[in-house]
Amino acid sequence: MAWETIIGLEVHVQLATRSKMFCACPNVFGAPPNTLTCPVCLGLPGVLPALNKQAVLFAIKTAKALDAQVHPCSLFARKNYFYPDLPKGYQISQYEQPLATAGKLRIETSGGTKTIGITRLHLEEDAGKLIHEAEFTRAGASYVDLNRTGVPLMEIVSEPEISTPEEAMAYLRALRELVRYLKVSDGNMEEGSLRCDANVSVRPEGSQTFGTKAELKNMNSIRFVGKALAYEVERQVRVLESGGKIAQETLLWSEKLEKTLPMRSKEEAHDYRYFPEPDILPLTIEGEWIEALPELPWDKRERFKQVYDLTDEESGILTEHPALAEFYEALVDAFPNPKAASNWILVELLKSFRPKMNRLDFFPAVSPKRVARVLSMVEEGVINQNTAKDLLARLLEEDFDPEAFVAQQGLGQISDEKALLAWIDELFERHPSQVNEYLDGKEKVFGFFVGQLMKMSQGKANPRLLNTLLKQKFDARKGAF
Amino acid sequence: MGIEREQVQHIARLSRLALSEEELTLFKGQLARILDYIGMLEELDTSATPPLYHPNAEGLSFREDIPMENGPAVDLKCLAPEFDEGHFLVPSILETNTSEQERV
């Protein structure tokens with residue numbers, strides 16, 4: 001039987017505010033445990049939450065970019081559950097009237113473009129972190145760090161319109177890119193700034209009813225989401241084809257075992273007993289809060305293709321992070337050869353940029369103007385490609401004046417015919433047998449001579465001129481026979 | 001409007017409250033009276049009245065996004081029965097079943 005997969009994703013995005021959602025504790029990652037806490041986020045009696053306006057503005061911005069309807073009035077609610085990651089005993093969230101509904105997100109997959117509906121986008125607070133089995137922990141105890149408690153979260157729920165694990169991964173990539181463009185989150189999955197839960201079920205192809213769904217929790221990389229969903233789809237099909245039934249359960253992906261495992265800690269937690277949050281008044285959105293959006297990733301991608309004549313792949317990579325796109329445009333400004341600029345970035349510079357691109361404040365440390373000057377020297381024939389590569393690698397380490405450096409170190413390309421001819425003569429004298437091989441028609445030996453000459457020139461010979469001169473010399477020899 | 005004993009037990013369990021038999025009886029009665037009162041309010045036809053979300057007529061007041069770097073103003077150690085290595089300690093909570101046997 002052919003099966004059809006139905007996936008819906010719930011993504012939690014930590015907002016890049018400076019302080020927490022309902023108190024003034026700093027919102028930063030990696031501080032010593034429990035140092036970023038106060039009576040509000042510790043859930044001590046008698047405190048009142050005060051809503052961070054910036055968090056609301058970030059959520060509105062994202063909702064607008066997702067083409068969602070932002071509601072003029074939305075409500076906060078208490079979601080009650082008893083678990084040590086949330087000392088109040090409830091999470092402040094939004095339930096009946098969320099901030100925004102009915103959006104959409106366009107994704108790119110190998111099968112083309114698809115639009116996934118966004119059911120809702122709402123604000124809530126993050127919970128703390130539980131640590132088990134770390135170096136410092138005692139057996140039989142879980143350790144609680146409440147630094148993350150109260151960090152602003154935006155929950156984005158998709159319609160169950162995702163049909164493959166590949167589409168789920170594309171959806172996450174698109175969403176991560178969007179929040180980075182909007183500068184509302186660093187979107188860093190490894191640090192938990194973007195977390196994904198998935199509802200997944202299968203049904204016979206063409207069936208109108210949904211199968212029983214399993215919920216996959218807390219997957220912390222896009223790759224794991226793909227693997228976990230692929231595993232789970234296969235498992236469900238196997239169960240159904242052998243006549244079994246799918247249990248409605250919450251699962252965790254184990255990277256170590258490469259399989260999904262039932263989660264047992266929040267068994268009864270589905271009874272959340274929501275009620276309106278009495279400590280926070282209804283949130284009314286004023287028109288002037290809706291800021292103009294920056295150019296969105298899909299628009300930028302299209303523009304790069306049109307204006308700079310780039311391929312889908314080139315413009316896709318260059319627009320992956322807004323800082324990289326800015327860098328490219330600044331480079332093209334100073335070095336108006338868009339194709340070459342793109343090649344140099346994709347081949348030479350991305351190696352060192354990529355590891356840093358997870359950061360919201362990522363900006364290539366090297367000045368695009370300096371890079372432009374190196375590339376211009378290549379184009380003008382002052383230096384060759386190898387020298388340019390060395391210069392770029394050096395520019396990534398330290399700032400210096402490329403032209404002055406080339407002059408000072410004598411790195412300029414050697415285009416002096418006399419010097420090159422003298423080297424060729426010297427080489428022919430040293431390797432008469434290889435010369436004869438070439439003259440006997442073994443053309444591969446040509447490469448050997450080029451390599452040797454490059455070595456003699458310390459990599460600085462003008463390769464095109466070198467080739468021409470070498471050919472001429474050989475032809476002269478042939479003629480002499 | 002009544003409430004079943006099992007419902008009271010369920011709510012108590014969700015809140016991790018261990019209730020004695022006497023307490024169960026006591027709270028069952030109190031909760032039933034609260035529900036009766038709500039039931040009485042529900043008899044009113046409010047279909048033409050816009051919902052009042054909050055008795056406070058002032059609008060919601062916001063906090064500007066300015067972090068305070070003071071650190072916790074309370075002695076954390078005093079807040080939990082056990083505190084170690086900067087963390088609060090609770091009885092161990094495991095997220096998955098430890099059994100690694102193959103599920104079909």
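Owing to the predicted nature of the structure, the values given are computational and were not obtained by experimental measurement. Numbers restart at 1 for each chain; the letters A, B, ... are given by sequence-line order, proteins then strands.
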Check: A:C23 main-chain N/O paired with B:R63 side-chain donor or acceptor under 3.5 Å: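 Yes; judged by distance alone, with no hydrogens or angles, the pair exists.
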
B:D65 side chain vs A:S19 backbone, donor-acceptor pair below 3.5 Å: yes

State whether the number of non-hydrogen atoms from other residues, nucleotides or ligands found under 6.0 Å of [X] atom [atom1] is greater than 12.
X: B:F83; atom1: CZ; result: yes
X: A:K213; atom1: NZ; result: no
X: A:E241; atom1: CD; result: yes
X: A:E286; atom1: CD; result: yes
X: A:F275; atom1: CZ; result: yes

B:L79/A:L44 under side-chain contact (heavy atoms from CB on, under 4.5 Å): CA gap, chis, key distance, verdict: CA-CA 9 Å; B:L79 296 177; A:L44 299 187; 3.8 Å; yes

Test log, rule salt bridge (Lys or Arg N to Asp or Glu O under 4.0 Å), inputs A:R138 and B:E82: CA-CA 12 Å; A:R138 278 207 313 260; B:E82 277 193 282; 2.5 Å; yes

Any heavy-atom pair between the side chains of [Y] and [X] that's under 4.5 Å?
X: B:L89; Y: A:Y143; value: yes
X: A:L51; Y: B:L60; value: yes
X: A:L42; Y: B:F88; value: yes
X: A:L283; Y: B:F62; value: yes

Residue selection (most heavy-atom pairs with chain A, distance under 4.5 Å) from B:P67, B:A80, B:P91: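 That would be B:P67.
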
Mutual orientation of the aromatic rings belonging to B:H87 and A:F136 [parallel < 30°, tilted 30-60°, perpendicular > 60°]: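 Answer is parallel, since the angle falls under 30°.
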
For chain B, the option from A:A141, A:A31, A:A55 that forms the most heavy-atom pairs under 4.5 Å: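 Between A:A141, A:A31, A:A55, the count favours A:A141.
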
Quick check on [X] against chain B: is it the side chain, the backbone, both or neither that has a heavy atom closer than 4.5 Å?
X: A:T17; answer: both
X: A:P87; answer: neither
X: A:V56; answer: side chain
X: A:E234; answer: neither
X: A:P276; answer: neither

Closest non-hydrogen atom pair, A:N34 against B:L76: O-CD1, 3.4 Å

Non-hydrogen atoms of B:S92 and A:S142 that approach each other most closely: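 Scanning both residues, the minimum pair turns out to be CA-OG, 3.3 Å.
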
Criterion side-chain contact (heavy atoms from CB on, under 4.5 Å) on B:S15 and A:R273, from CA distance to verdict: CA-CA 11 Å; B:S15 311; A:R273 294 151 294 145; 3.9 Å; yes

Rounded distance (nearest 0.5 Å) linking atom CG of B:L17 with atom CZ of A:F82: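 If we round to the nearest 0.5 Å, B:L17:CG and A:F82:CZ are 7.5 Å apart.
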
Atom pair CG/CZ of A:D271 and B:R13 - distance to nearest 0.5 Å: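 Going from the CG atom of A:D271 to the CZ atom of B:R13 covers 10.0 Å.
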
B:E64/A:R18 salt bridge by N-O under 4.0 Å criterion: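 The answer is no: the pair does not qualify as a salt bridge.
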
